[in-house]
Amino acid sequence: MSRTSALGEALLTWFAEAARVMPWRTQKNPYYIWVSEIMLQQTQVATVMPYFERFIARFPTVKALASAPLDDVLKHWEGLGYYSRARNLHKGAQYVVEHFYGQVPRTPAEIREIPGIGPYSAGAILSIAYGVPEPAIDGNVIRVFSRLFALKTAFDKAQPKRDLEALVRQHIPVDAPGDFNQALMELGALICRPKNPDCEGCPVADFCQARAEGEPTRYPFKGKKTAVKAVTLPVVWLQNDQGQVLVCQQNAQGIFKGLWCLPELSVLAEPDGIFTIQDQGLVTCVEHTLTHRQLTLQVHQGQVLRAPELLPADWAWVDPRHNTTHAIPVAYQKVFRFMAEHPLLAMMSQS
């Protein structure tokens, strides 16, 4: 039996006409939806689409992803950032293979067992792939519902989130939950934008209390902001006589865990280290903004005086122009681009 509110009917009618064409919408494949929703967290649709297509071409099924080396997964994620998403996706695929025979489960309790799948991802997969009436509440949905119902609360605590989930559930149509959830996301992305919302073109403007108040951008109310921490990291650019650059894999906990970065100056300066280098001075500083950090890479030119014949497993020489095997974070790719634009600087470091 259909149970669609007037608001839901207006939203679904608009979505049927306005929905953007996306590769994960061509079929209700739960694995495709899972990958796309993880990629779309903190990332724009236009950025995600080519990554999604390359990722699915390389890892077409849950089993293919589960059996792949993590380094390969991270390499195919290179440039998207927030690499913990890729690590959790890989771990989640292995969990699905081990516990659910490679089939993405279709119940809320089972799907939330999977590493990396939280309430939002679970709701998106269940509703879009399986037609389960579960909410999928992301930033777009928070903004849309905050404005529709003039919700004068911040959503940085658990209780307001539970209250919002209950409100969204009241409006989910049991016969089209996936389209409803996608329509809310689409509305937030295209119409009910954070700034300059298109209230005149909004299909649910007649239901919007924030519009009636005349202050839609007042919503949603903001919680306490997390302070941005400034981090400065001295690193070294070292090249061998073949033009390859020395990188090392980050094994400690942190944002670059498992990725390949330029070695830190402090590590190479240790007297009992595996390399002996000569620091030839600072050549540039590269700025990169992370979620709660402002990172400054102080790039030193270095020359190798002594190097082992056989590198440890977490060190490697890579071709900075044709690196197809080692996942390099965007911050360090900026250094690679700078050195490519200044080839004389790069040549000075060759051992």
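Note that these values count all heavy atoms, side chains included, but never hydrogens, waters or copies made by symmetry.
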Short side-chain to backbone donor-acceptor contact, [X] and [Y], under 3.5 Å:
| X | Y | answer |
| --- | --- | --- |
| Arg293 | Val231 | no |
| Arg85 | Gly81 | yes |
| Gln249 | Trp260 | no |
| Arg87 | Lys257 | yes |
| Glu78 | Ile328 | yes |
| Arg143 | Gly188 | yes |
| Arg169 | Pro135 | no |
| Asp179 | Asn181 | no |
| Lys334 | Glu287 | yes |
| His171 | Phe180 | no |

Once you round to the nearest 0.5 Å, how far does [atom1] of [X] lie from [atom2] of [Y]?
| X | Y | atom1 | atom2 | result |
| --- | --- | --- | --- | --- |
| Gln250 | Leu259 | CD | CG | 8.0 Å |
| Trp77 | Ile38 | CH2 | CD1 | 7.0 Å |
| His300 | Thr284 | NE2 | OG1 | 11.0 Å |
| Lys75 | Thr324 | NZ | OG1 | 7.0 Å |
| Phe155 | Ile137 | CZ | CD1 | 8.5 Å |
| Leu238 | Leu268 | CG | CG | 6.0 Å |

ILVMFWY network linking [X] to [Y], side-chain heavy atoms under 4.5 angstrom:
| X | Y | result |
| --- | --- | --- |
| Ile274 | Leu265 | yes |
| Leu70 | Leu80 | yes |
| Met339 | Val330 | no |
| Ile125 | Tyr95 | yes |
| Leu297 | Phe338 | yes |

Distance-only side-chain donor-acceptor flag, [X] / [Y], under 3.5 Å:
| X | Y | answer |
| --- | --- | --- |
| Gln182 | Arg25 | yes |
| Gln41 | Ser121 | yes |
| Glu110 | Thr107 | yes |

Considering all heavy atoms of both residues, which atom of [X] and which atom of [Y] are nearest to each other, and what is their separation?
| X | Y | result |
| --- | --- | --- |
| Ile191 | Trp14 | CG1-CZ2, 3.9 Å |
| Ile277 | Val236 | CD1-CG1, 4.1 Å |
| Met22 | Met49 | CA-SD, 4.3 Å |
| Ala316 | Leu311 | CA-CD1, 3.7 Å |
| His90 | Pro69 | NE2-C, 4.3 Å |
| Pro60 | Ala57 | CD-O, 4.2 Å |

Item to check | Whether Phe221 and Tyr219 hold their rings parallel, tilted or perpendicular, with breakpoints at 30° and 60° | outcome: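 Rings of Phe221 and Tyr219: parallel, as their planes differ by under 30°.
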
Checklist entry - When you look at Met39 and Phe55, which way does the side chain to side chain contact (heavy atoms under 4.5 Å, CB included) test go after all the steps? => result CA-CA 10 Å; Met39 285 187 170; Phe55 196 89; 3.6 Å; yes

Next on the checklist: His76 and ring-ring contact (aromatic ring centres under 6.0 Å, His included): which single residue from Phe59, Phe52, Tyr51 fits?
Outcome noted: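 By the ring-ring contact (aromatic ring centres under 6.0 Å, His included) criterion, His76 pairs with just one of Phe59, Phe52, Tyr51: Phe59.
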
Checklist entry - Should Ile111 and Tyr130 be marked as a side chain to side chain contact (heavy atoms under 4.5 Å, CB included) after you check the CA-CA gap, both sets of side-chain angles, and the distance that decides it? => result CA-CA 12 Å; Ile111 204 166; Tyr130 298 130; 5.6 Å; no

Next on the checklist: For Arg321, give me all partners under salt bridge (charged side-chain N to carboxylate O under 4.0 Å, His left out), at least two apart in sequence or on another chain.
Outcome noted: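 Salt bridge (charged side-chain N to carboxylate O under 4.0 Å, His left out) list for Arg321, sorted by chain: Asp319.
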
Flag the pair [X] / [Y] as yes when at least one side-chain heavy-atom distance between them is below 4.5 Å, and no otherwise.
| X | Y | value |
| --- | --- | --- |
| Thr289 | Gln294 | yes |
| Val73 | Leu89 | no |
| Phe275 | Pro308 | yes |
| Leu187 | Met185 | no |
| Cys208 | Cys199 | no |
| Asp138 | Val141 | yes |
| Trp34 | Val96 | yes |
| Glu134 | Pro177 | no |

Checklist entry - Taking everything shown except Gln159 itself, do over 12 heavy atoms lie less than 6.0 Å from its CD? => result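 Counting other residues, nucleotides and ligands, CD of Gln159 exceeds 12 neighbours.
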
Checklist entry - Does atom CD of Gln103 have more than 12 heavy-atom neighbours, drawn from other residues, nucleotides or ligands, at distances under 6.0 Å? => result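 No, CD of Gln103 has 12 or fewer neighbouring heavy atoms, counting only those of other groups under 6.0 Å.
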
Next on the checklist: Before you tell me yes or no, could you show the steps for Gln27 and Tyr32 under side chain to side chain donor-acceptor pair (under 3.5 Å), namely the whole-Å CA-CA distance, both residues' side-chain angles and the distance that decides it to 0.1 Å?
Outcome noted: CA-CA 9 Å; Gln27 53 182 299; Tyr32 288 9; 4.5 Å; no

Item to check | Close aromatic pair by centroid cut-off 6.0 Å: Tyr332 and Phe336 | outcome: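 So the answer is no for these two rings.
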
Next on the checklist: Is the distance between the ring centroids of Phe149 and Phe145 under 6.0 Å?
Outcome noted: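 Phe145 vs Phe149: aromatic centres under 6.0 Å.
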
